[in-house]
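The figures here come from the full heavy-atom set of this structure, side chains too, leaving out hydrogens, waters and symmetry mates.
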Amino acid sequence: GAVVSQHPSWVICKSGTSVKIECRSLDFQATTMFWYRQFPKQSLMLMATSNEGSKATYEQGVEKDKFLINHASLTLSTLTVTSAHPEDSSFYICSARRGGKGYEQFFGPGTRLTVL
Amino acid sequence: EDKVVQSPLSLVVHEGDTVTLNCSYEVTNFRSLLWYKQEKKAPTFLFMLTSSGIEKKSGRLSSILDKKELFSILNITATQTGDSAVYLCAVESGGGADGLTFGKGTHLIIQP
């Protein structure tokens, strides 16, 4: 099956610092990658969609200058949380899709971000 | 705006029982409905449904979609403690926004 990895699996940082999270598709090329956020006891909320080589599309209410997404290759997307604050503490999950709509999304194991 | 509503939000049953989880949706230009199981980490894929009335089955789990009434059910028979998890329903629309719209999930607890 298709495997998606995320790194790191958890990170604790001080308020005001930036944190980078990597999402890799290990055994397939992902034309599209997605970033979701999940707060405790809530469902996954789509933050942004990224296609390789083009700018990410952000959902309403998600600040593109705060959550920087880079999708430099067909197997790697990064999410950088800039100037993180405690309210950014959450579980960040990426998913990858090998084709267009209708193809299955494979999820990474998630990254637990805690901002002190 | 696409919407997915799951019920119940939580459910506690005994091992061996059969459970039915519900998912209703409102989506512009429906393409597919997906069920995921989430334990401590990221969701794992269970089913993708695109056509009404065709049951998908995997072991003790099965699911069916009704596109006229805009809902789906996930059945788990002969439940085991390992089935304890949050079950998420998500929909994918054919146009406009990419990505999945998730429901809040059903937290299922199987007691021995």
Side-chain angles (χ1 to χ4, degrees), chain A residues 1-10 21 23 30-52 54-62 69 71 77 90-112, chain B residues 1-11 21-25 27-51 56 58 63 65 85-109:
Chain A
V3 180
V4 176
S5 71
Q6 276 184 245
H7 176 80
S9 54
W10 59 270
I21 303 170
C23 176
T31 56
T32 307
M33 286 185 167
F34 303 89
W35 287 96
Y36 294 85
R37 182 166 53 182
Q38 187 177 32
F39 291 107
K41 300 201 192 260
Q42 298 293 315
S43 193
L44 281 78
M45 296 294 292
L46 179 66
M47 297 176 67
T49 302
S50 84
N51 293 295
E52 185 261 341
S54 59
K55 287 185 180 179
T57 303
Y58 290 80
E59 294 300 301
Q60 200 169 11
V62 178
I69 291 172
H71 192 162
S77 176
S90 188
F91 192 50
Y92 291 85
I93 306 176
C94 74
S95 70
R97 192 176 68 191
R98 66 177 90 220
K101 288 193 179 188
Y103 280 83
E104 184 185 333
Q105 287 186 32
F106 297 95
F107 285 84
T111 296
R112 174 77 57 195
Chain B
E1 188 183 323
D2 298 345
K3 196 191 300 187
V4 178
V5 177
Q6 290 185 246
S7 63
L9 290 180
S10 65
L11 184 58
L21 310 183
N22 304 293
C23 175
S24 63
Y25 62 91
V27 61
T28 307
N29 194 9
F30 173 88
R31 174 178 278 272
S32 63
L33 184 143
L34 301 97
W35 284 97
Y36 291 87
K37 178 182 182 182
Q38 185 177 28
E39 294 172 270
K40 292 196 176 157
K41 293 198 171 178
T44 53
F45 173 80
L46 295 175
F47 299 110
M48 176 189 278
L49 302 156
T50 55
S51 301
K56 293 223 171 173
S58 175
S63 184
L65 174 68
V86 176
Y87 289 83
L88 296 168
C89 173
V91 293
E92 182 180 42
S93 71
D98 215 335
L100 299 175
T101 301
F102 281 86
K104 289 190 174 179
T106 293
H107 188 187
L108 177 63
I109 298 173

Novice: Counting only heavy atoms closer than 4.5 Å, note whether B:Q6 contacts chain A via side chain, backbone, both or neither.
Specialist: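 Neither part.
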
Novice: Between A:L44 and chain B, which part of the residue has a heavy atom less than 4.5 Å away: side chain, backbone, both or neither?
Specialist: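 Contact with chain B involves both backbone and side-chain atoms of A:L44.
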
Novice: At a heavy-atom separation under 4.5 Å, does A:R112 approach chain B through its side chain, its backbone, both, or neither?
Specialist: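 For A:R112, no heavy atom lies under 4.5 Å from chain B.
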
Novice: Is A:Q38 in contact with chain B via its backbone, its side chain, both, or neither, using a 4.5 Å heavy-atom distance?
Specialist: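 Side chain only.
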
Novice: Mind listing the closest non-hydrogen atom pair of B:Y36 and A:Q105 along with its distance?
Specialist: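 For B:Y36 and A:Q105, the tightest heavy-atom pair comes out as OH-O, 3.6 Å.
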
Novice: Side chain from CB out, backbone as N, CA, C, O: work out which of these in B:L100 comes under 4.5 Å of a heavy atom of chain A, or both, or neither.
Specialist: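 B:L100 touches chain A through backbone and side-chain heavy atoms alike.
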
Novice: Could you tell me whether a side-chain N or O of A:S43 sits under 3.5 Å from a main-chain N or O of B:G103, the two making a donor and an acceptor?
Specialist: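 Answer holds: yes.
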
Novice: Closest approach of B:K104 and A:Q42, non-hydrogen atoms and distance?
Specialist: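 What the structure gives for the nearest pair is CE-OE1, 4.2 Å.
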
